[in-house]
Amino acid sequence: MFTHLRKWFVTRFFGRSRRRARLVSKDGRCNIEFGNVEAQSRLIFFVDIWTTVLDLKWRYKMTIFITAFLGSWFFFGLLWYVVAYIHKDLPEFHPPANHTPCVEHINGLTSAFLFSLETQVTIGYGFRCVTEQCGTAIFLLIFQSILGVIINSFMCGAILAKISRPKKRAKTITFSKNAVISKRGGKLCLLIRVANLRKSLLIGSHIYGKLLKTTITPEGETIILDQININFVVDAGNENLFFISPLTIYHVIDHTSPFFHMAAETLLQQDFELVVFLDGTVESTSATCQVRTSYVPEEVLWGYRFAPIVSRTKEGKYRVDFHNFSKTVEVETPHCAMCLYNEKDARAKMKRGYDNPNFILSEVNETDDTKM
């Protein structure tokens with residue numbers, strides 16, 4: 001009881017003060033920025049303009065969307081006004097009664113803007129139209145129609161691609177708030193729970209992890225974000241998961257694990273970040289997506305396991321109670337992985353017999369005291 005209260009007190013009051021900035025947030029966003037990027041490198045983003053537009057935030061994307069259409073309408077409206085001005089179609093030139101204008105019923109800049117809008121979006125009210133009087137107007141009509149189709153296809157395609165990105169599908173994959181360390185199958189394991197909130201499956205799912213920590217090489221070099229592979233498995237392996245119900249993935253803490261030399265008392269003193277990745281293919285769109293989250297030492301609970309959440313109803317259906325999705329239950333757990341393996345070795349030695357080569361059995365002659 002005292003150990004539990006001490007652990008809660010340290011996590012509650014001292015854990016926040018020493019909590020470091022994450023590289024990956026709980027919702028999967030990367031907390032990193034690039035500085036001193038050369039100007040030539042920035043121009044590369046405009047070469048791949050499609051990806052740049054897709055990666056923009058919605059407020060910037062909608063600003064570009066509105067600006068592209070309004071700007072093109074106003075620009076071509078100015079050109080139509082210039083054509084009418086050069087051909088002297090405007091009322092201030094007092095054209096004769098038999099004068100045939102390039103565009104019917106353009107009386108100023110406002111009417112030229114309206115004709116530009118009607119042309120580009122193919123509304124065509126029928127009040128204003130191009131005549132065969134001048135070839136310049138015909139060429140401008142063709143050019144605006146082609147450019148309008150390009151702008152419309154690009155912007156509408158960018159909006160549709162932004163909406164249908166598999167990144168949105170990743171929002172319906174959720175991880176448990178905490179990771180736990182407890183015994184599973186007689187081994188000390190780090191466990192994480194993951195759930196798919198949709199009934200559609202992720203095909204070919206693969207899950208793995210990276211442990212990020214600061215290390216110093218034998219040559220004295222300090223690596224801030226050194227990455228160590230963390231293998232996560234379920235009972236059926238970590239490839240092609242049948243991801244229809246919440247799964248509990250686990251990492252076996254053995255001699256090759258970076259958690260092997262950690263203990264329950266020293267866990268909060270460690271400085272690491274565990275990043276977990278889930279890759280899969282969306283069943284409905286066949287697009288690949290990646291879900292990621294991270295755990296810091298304060299979010300790893302030693303000596304706990306997850307509460308059960310799957311049950312079977314009387315009707316024969318399987319019910320998942322997400323109220324207990326991140327709920328943990330305290331269980332008896334060794335204080336460290338070395339303690340568990342040493343205990344196993346001790347039990348194994350007790351079951352085995354060892355011959356002592358230095359042991360010599362000496363024969364003792366018994367005397368019969370009853371002999372007369």
Side-chain angles (χ1 to χ4, degrees), residues 33-34 37-169 171 284-287:
E33 62 179 14
F34 301 98
V37 180
E38 297 180 358
Q40 296 179 353
S41 300
R42 295 181 182 274
L43 295 177
I44 300 177
F45 291 94
F46 294 96
V47 176
D48 187 13
I49 188 64
W50 177 254
T51 306
T52 302
V53 172
L54 289 183
D55 290 338
L56 288 176
K57 296 182 179 180
W58 274 108
R59 54 179 177 268
Y60 301 124
K61 187 183 295 291
M62 295 307 299
T63 301
I64 295 176
F65 182 86
I66 296 173
T67 303
F69 282 101
L70 289 180
S72 61
W73 296 341
F74 185 75
F75 173 73
F76 282 102
L78 289 177
L79 294 181
W80 287 114
Y81 179 81
V82 170
V83 170
Y85 184 87
I86 294 176
H87 199 254
K88 299 184 183 301
D89 297 337
L90 299 177
E92 56 263 27
F93 292 106
H94 304 286
N98 60 350
H99 177 75
T100 303
C102 290
V103 182
E104 295 284 354
H105 300 98
I106 287 188
N107 303 320
L109 186 59
T110 303
S111 58
F113 174 78
L114 292 175
F115 178 72
S116 173
L117 188 152
E118 296 171 11
T119 300
Q120 188 165 329
V121 300
T122 64
I123 294 178
Y125 291 119
F127 184 68
R128 301 178 182 88
C129 61
V130 178
T131 64
E132 69 278 3
Q133 184 64 26
C134 53
T136 305
I138 299 176
F139 174 78
L140 185 60
L141 177 67
I142 296 174
F143 182 72
Q144 183 179 4
S145 299
I146 296 176
L147 186 63
V149 171
I150 295 175
I151 295 176
N152 186 68
S153 301
F154 183 86
M155 297 309 302
C156 293
I159 296 294
L160 180 61
K162 181 77 171 178
I163 296 175
S164 59
R165 291 183 73 179
K167 185 177 180 180
K168 303 301 180 182
R169 176 64 175 89
K171 299 295 183 181
S284 56
T285 61
S286 298

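The first residue in the sequence is number 1, and the count goes up from there.
- At least one side-chain heavy atom of Val83 sits less than 4.5 Å from a side-chain heavy atom of Leu140.
- Of the listed residues (Phe76, Tyr81, Phe74), just one forms a side chain to side chain contact (heavy atoms under 4.5 Å, CB included) with Leu78, and that residue is Phe74.
- With sequence neighbours excluded, the residues satisfying side-chain contact (heavy atoms from CB on, under 4.5 Å) with Ile86 are Val82.
- Taking Ser116 as the reference, Gln144 meet the side-chain hydrogen bond (donor to acceptor under 3.5 Å, both in side chains) condition, with sequence neighbours excluded.
- Partners of Thr52 according to the side-chain contact (heavy atoms from CB on, under 4.5 Å) rule, which considers only residues two or more places apart in sequence or in another chain, are Phe45.
- Applying the side-chain hydrogen bond (donor to acceptor under 3.5 Å, both in side chains) rule to Asn152 yields no partners; only residues at least two apart in sequence or on another chain are considered.
- Counting only residues at least two apart or in different chains, ring pair (Phe, Tyr, Trp, His ring centres under 6.0 Å) contacts with residues 99-126 comprise Trp80-Phe115, His87-His99, His105-Phe127.
- Residues passing the side-chain hydrogen bond (donor to acceptor under 3.5 Å, both in side chains) test with Thr51, sequence neighbours excluded: Asp48.
- For Tyr85, the ring pair (Phe, Tyr, Trp, His ring centres under 6.0 Å) partners at least two apart in sequence or on another chain are Phe93.
- By the side-chain hydrogen bond (donor to acceptor under 3.5 Å, both in side chains) test, Ser111 is found to be paired with no residue, residues two or more places apart in sequence or in another chain being considered.
- Applying the ring pair (Phe, Tyr, Trp, His ring centres under 6.0 Å) test to Trp58 and every residue at least two apart in sequence or in another chain returns nothing.
- Side-chain atoms of Asp89 come within 3.5 Å of backbone N or O of Cys102 as a donor-acceptor pair.
- Taking Ile142 as the reference, Ile138, Ile146 meet the side-chain contact (heavy atoms from CB on, under 4.5 Å) condition, with sequence neighbours excluded.
- Checked against side-chain contact (heavy atoms from CB on, under 4.5 Å), Val121 has the following partners two or more places apart in sequence or in another chain: Trp73, Leu117, Ile123.
- Remark: Tyr60 pairs with no residue by the ring pair (Phe, Tyr, Trp, His ring centres under 6.0 Å) rule, at least two apart or across chains.
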